[in-house]
Protein chains: 2
Amino acid sequence: MPRVGEGTIVSGSCLADVLGERVELTPAEKSALERLEERQRHIRRGAILLRENESGGELFVLRKGLMMSYVLLDDGSRQILRFLFPGDMLGISSMIYRESPETLCALSDCVVCPFDHAAFSELLTEHPRLAALILVFSQIERVALTDRLAALGRTSAKARVAALLLDLRNRLRGTDKSIDKAFALGLTQEEIGDATGLTAVHVNRMLRQLEEEGLIGRGSGRVTLIDERALARAANYVDRYEGLDLSWLPKAR
Amino acid sequence: MPRVGEGTIVSGSCLADVLGERVELTPAEKSALERLEERQRHIRRGAILLRENESGGELFVLRKGLMMSYVLLDDGSRQILRFLFPGDMLGISSMIYRESPETLCALSDCVVCPFDHAAFSELLTEHPRLAALILVFSQIERVALTDRLAALGRTSAKARVAALLLDLRNRLRGTDKSIDKAFALGLTQEEIGDATGLTAVHVNRMLRQLEEEGLIGRGSGRVTLIDERALARAANYVDRYEGLDLSWLPKAR
DNA sequence: CGCAAATTTGAACGTAGTCAACAAGTGTGG
DNA sequence: CCACACTTGTTGACTACGTTCAAATTTGCG
């Protein structure tokens with residue numbers, strides 16, 4: 001994909017790529033999705049796209065980079081809710097609430113495509129099958145959240161860290177097929193802690209322990225999943241982007 | 001509402017009641033929702049409507065009673081994901097996955113209305129505004145889950161128990177306006193623990209502590225929220241059924 | 001190269017878990 | 001109507017996982 005500048009229009013749609021992996025999209029559907037990604041905005045690492053309790057006039061499709069959503073509690077601690085990858089739709093919840101329930105923040109330099117509420121609303125009415133697919137992805141996200149809920153409620157620190165590593169790798173592979181066992185995780189241990197409900201100090205100990213047990217390797221900011229089977233076992237991990245049944249989807253328009 | 005027997009057809013729709021609180025439904029929309037609740041099934045306390053990893057051929061609307069969804073981890077522990085109240089739609093996730101990611105279980109004697117995938121799919125295509133509303137409720141549920149994720153990841157045992165009590169009361173009040181400060185919680189301390197990621201023993205201590213501090217009262221299976229303000233403060237609680245903006249919804253058909 | 005951020009490690013502490021015993025309900029069948 | 005069994009709730013003593021605090025070390029960036 002060519003490198004593009006602020007505001008440049010490029011063909012293609014990350015969202016269409018993601019949805020297109022699940023169903024064969026019609027030309028009308030593709031062009032409707034492309035329209036959502038007509039505009040683009042480049043944002044820097046650390047930039048906040050939308051702040052908790054502020055109102056968000058726009059939705060976004062993440063086209064490039066890694067982002068996260070989080071909430072701050074009033075003791076100042078942070079809970080990272082979700083990592084966001086290219087093709088993910090951002091800010092649906094900011095649309096249904098007057099004040100956003102979460103902050104959207106870039107973990108690397110990113111490219112996002114903003115579109116407004118009306119465009120989203122129109123998409124839902126004009127393309128019932130896409131509406132259903134958006135509901136499907138909303139449910140996948142919901143189930144992924146319940147997995148994490150169970151992890152925080154009922155599993156050990158080591159299991160949570162292992163689950164995060166597996167999930168991150170799998171989701172990164174979604175957009176970069178060259179990733180296999182090793183990858184740059186692009187998160188600080190502080191961030192891993194805020195995602196898993198642990199302190200940075202304890203995350204460090206758990207990573208070390210996973211390394212000593214031969215489950216992972218580490219070096220120069222990269223992690224290698226050495227014994228994936230054992231990791232998945234330690235983590236109770238299920239890939240929620242597999243095992244889908246979309247046979248019930250309505251006809252495309 | 002008259003007491004009805006197995007298979008009896010009654011007018012009205014719990015789902016329409018819930019959605020109707022947010023928008024003015026058209027007659028066509030109402031009748032489409034009523035069609036989902038044509039059949040009813042009575043289930044006993046403790047009955048399992050759908051088991052994790054089994055395939056669910058149907059969706060349901062909960063019409064009466066209290067249910068929960070949970071997952072079991074392979075060490076045998078349980079994480080309760082969500083409590084389900086009248087008007088809630090159950091089993092959407094069992095529709096998009098070949099195997100259900102969660103178990104649905106009745107906490108009291110319940111009445112549910114089963115409908116099939118085709119009926120749901122048809123609803124989405126025939127009524128774009130209802131499709132959007134279902135997406136809205138899916139997002140509310142998602143945000144409620146992120147609140148709980150933050151609670152499990154970053155708050156104390158006492159805060160989690162307080163949050164559960166507040167949430168339960170608020171949701172019960174959704175269907176029974178007579179409930180104010182006192183209510184029968186209908187959960188064992190074991191269940192409260194499985195929802196909050198604690199042990200039953202520790203839940204007991206936290207309830208006692210909340211009682212000793214004068215935040216709640218307890219007696220004969222009922223809980224009274226004495227100092228609601230202090231409870232909400234202790235719990236970081238936000239009611240996610242408030243503060244909605246649905247002005248962007250598409251036109252009704 | 002120099003500084004700030006991130007990682008690493010150790011020691012002490014505390015929240016919540018575990019185990020165990022008992023009490024109080026709850027429902028069932030005699 | 002009571003006796004019995006079983007579930008649920010209550011309490012105490014002990015344990016352990018993860019946190020906190022502090023300091024040293026490494027990394028990465030301007």
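In the text below, chain A, chain B and the rest are named by the order of the sequence lines, each starting its count at 1.
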> Taking only residues two or more places apart in sequence or in another chain, which ones pass side chain to side chain contact (heavy atoms under 4.5 Å, CB included) with B:A150?
Replying inline: A:V71, A:L73, A:Q79

> Taking B:R41 for the side chain and B:V111 for the main chain, is one N or O donor matched with an acceptor at less than 3.5 Å?
Replying inline: no

> Atom CZ of B:R222 to atom C1' of D:dG9: distance rounded to whole Å?
Replying inline: 19 Å

Could you tabulate the donor-acceptor pairs under 3.5 Å formed by side-chain atoms of residues 43-55 of chain B, not counting sequence neighbours?
{"from": "B:E52", "atom 1": "OE1", "to": "B:L72", "atom 2": "N", "distance (Å)": "3.0"}

>> Test of understanding: with side-chain hydrogen bond (donor to acceptor under 3.5 Å, both in side chains), list the residues that count as partners of A:T224, not counting sequence neighbours.
In response: none

>> Could you work out, with side chain to side chain contact (heavy atoms under 4.5 Å, CB included) as the rule, every residue matching B:D180, not counting sequence neighbours?
In response: B:R173

>> Checking A:R218 now: which residues fulfil salt bridge (charged side-chain N to carboxylate O under 4.0 Å, His left out) with it, not counting sequence neighbours?
In response: A:E211

> Could you state the CZ-C1' distance from B:R45 to D:dT7, rounded to the nearest angstrom?
Replying inline: 10 Å

For residues 186-194 of chain A, tabulate all N or O donor-acceptor pairs below 3.5 Å that involve a side-chain atom, not counting sequence neighbours.
{"from": "A:T188", "atom 1": "OG1", "to": "A:E190", "atom 2": "N", "distance (Å)": "3.4"}
{"from": "A:T188", "atom 1": "OG1", "to": "A:E191", "atom 2": "N", "distance (Å)": "3.0"}
{"from": "A:T188", "atom 1": "OG1", "to": "A:E191", "atom 2": "OE1", "distance (Å)": "3.4"}
{"from": "A:Q189", "atom 1": "OE1", "to": "A:N204", "atom 2": "ND2", "distance (Å)": "2.9"}
{"from": "A:E191", "atom 1": "OE1", "to": "A:T188", "atom 2": "N", "distance (Å)": "2.8"}
{"from": "A:D194", "atom 1": "OD1", "to": "B:R154", "atom 2": "NH2", "distance (Å)": "2.6"}
{"from": "A:D194", "atom 1": "OD2", "to": "A:R78", "atom 2": "NE", "distance (Å)": "2.7"}
{"from": "A:D194", "atom 1": "OD2", "to": "A:R78", "atom 2": "NH2", "distance (Å)": "2.9"}

> Once you build an axis from the first five pairs and another from the last five of the helix from C:dC1-D:dG30 to C:dG30-D:dC1, how far apart in angle are they, to 10 degrees?
Replying inline: 50°

>> Generate the contact string for nucleotides 12-21 of chain D. Rules: B means base contact, S means sugar-phosphate contact only, - means no protein heavy atom under 4.0 Å.
In response: BB----BBBB

>> Please list all pairs meeting salt bridge (charged side-chain N to carboxylate O under 4.0 Å, His left out) that have one or both residues in residues 101-112 of chain A, counting only residues at least two apart or in different chains.
In response: A:E102-B:R142

> Can you name the side chain to side chain contact (heavy atoms under 4.5 Å, CB included) partners of B:A144, sequence neighbours left out?
Replying inline: none

>> Suppose we screen for side chain to side chain contact (heavy atoms under 4.5 Å, CB included). Which residues come up paired with A:D167, at least two apart in sequence or across chains?
In response: A:R171, A:Y237

>> Going 5' to 3' along DNA chain C, between which two nucleotides do contacts with chain B fall, using a heavy-atom cut-off of 4.0 Å?
In response: C:dA16 to C:dC19

